[in-house]
Structure formats: C-alpha cells, structure tokens
Trainee: 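Pasting a structure here, questions to come.
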Amino acid sequence: MERRHRRTRREKLEDELVKTEEAIVQYTEAIATMEERRQSLMEEIESEHMREVTKLLKEKNLSVEQLKDLLGDMTSEDLARQGA
C-alpha cells in the first residue's frame, strides 16, 4: 500500500489562498446582486410615491399644473413645516 504524500505548509497556504479568492468572488457577486436589489427597491418606492401623489390629485380634483402653482407659492420653510 502506497503512503499518502504529506502536504507542506506552502501547499496548505496555497489551498487556503485559492479558497479565499473564491470567497471574494462569491461575496463580490452577492454584493452586486444586493446593490441591484437596493436599486430596484428604491425605484419601487419612488413609483409608490408617485402613485400616492396621483391618487391625492384625483381625490382633490387637482391637475399637475394646479399642484405646481400651489407648491410654487409656498416657501421651502412652509414645505418643511408641513412635512414635520
């Protein structure tokens, strides 16, 4: 029966380096996937905000132009107070 070759410290380190590099690739891909998901969620949130504004305009029977006029008449301080 043939004896098994005992791995040297260098071989063990090289194997660990390969595993580490593979993990880096895997995590990099996971980060890219999560960034895409984040962007998608942000777009969905913005779309939901627009739906809410559109719904409110319909409820109040206002046009976009009327909304612009209303907001144009308000100062930034007025808007900040109403948002608080």
Trainee: My understanding is that only one of Arg51, Glu43, His49, Met50 makes a side-chain contact (heavy atoms from CB on, under 4.5 Å) with Ser47; could you say which?
Mentor: Arg51

Trainee: Tell me whether the count of non-hydrogen atoms from other residues, nucleotides or ligands lying under 6.0 Å of CD in Glu46 goes above 12.
Mentor: no

Trainee: Rounded to the nearest 0.5 Å, how far apart are CD of Glu59 and CD of Glu52?
Mentor: 10.5 Å

Trainee: So, Glu11 side chain and Thr8 main chain: donor-acceptor pair closer than 3.5 Å or not?
Mentor: yes

Trainee: Linking I/L/V/M/F/W/Y whenever any side-chain heavy atoms sit under 4.5 Å apart, do Val64 and Leu71 land together?
Mentor: yes

Trainee: I'd like to know whether Glu14 forms a side-chain contact (heavy atoms from CB on, under 4.5 Å) with Arg10, so could you lay out the CA-CA distance, the side-chain angles of the two residues, the decisive distance to 0.1 Å, and finally the verdict.
Mentor: CA-CA 6 Å; Glu14 287 172 346; Arg10 181 186 52 80; 2.9 Å; yes

Trainee: Would you call Thr33 and Arg37 a side-chain contact if the rule is heavy atoms closer than 4.5 Å?
Mentor: no

Trainee: Please list, chain by chain and in numerical order, all residues satisfying side-chain contact (heavy atoms from CB on, under 4.5 Å) with Glu16, sequence neighbours excluded.
Mentor: Lys19, Thr20

Trainee: Measure the spacing between CG of Leu57 and NZ of Lys55 and express it to the nearest 0.5 Å.
Mentor: 12.5 Å

Trainee: Can Asp15 and Arg7 be said to form a side-chain contact (heavy atoms from CB on, under 4.5 Å), step by step?
Mentor: CA-CA 10 Å; Asp15 287 346; Arg7 293 178 22 178; 2.9 Å; yes

Trainee: Is Glu48 close to Glu44 at the side-chain level, that is, under 4.5 Å between some pair of heavy atoms?
Mentor: no

Trainee: Among residues at least two apart in sequence or on other chains, which ones pass side-chain contact (heavy atoms from CB on, under 4.5 Å) with Ser63?
Mentor: Glu65, Gln66

Trainee: Does the side chain of Leu62 reach to within under 4.5 Å of the side chain of Leu70, using non-hydrogen atoms?
Mentor: yes

Trainee: Passes side-chain contact (heavy atoms from CB on, under 4.5 Å), Val53 versus Leu67? Steps please.
Mentor: CA-CA 10 Å; Val53 169; Leu67 178 61; 4.2 Å; yes

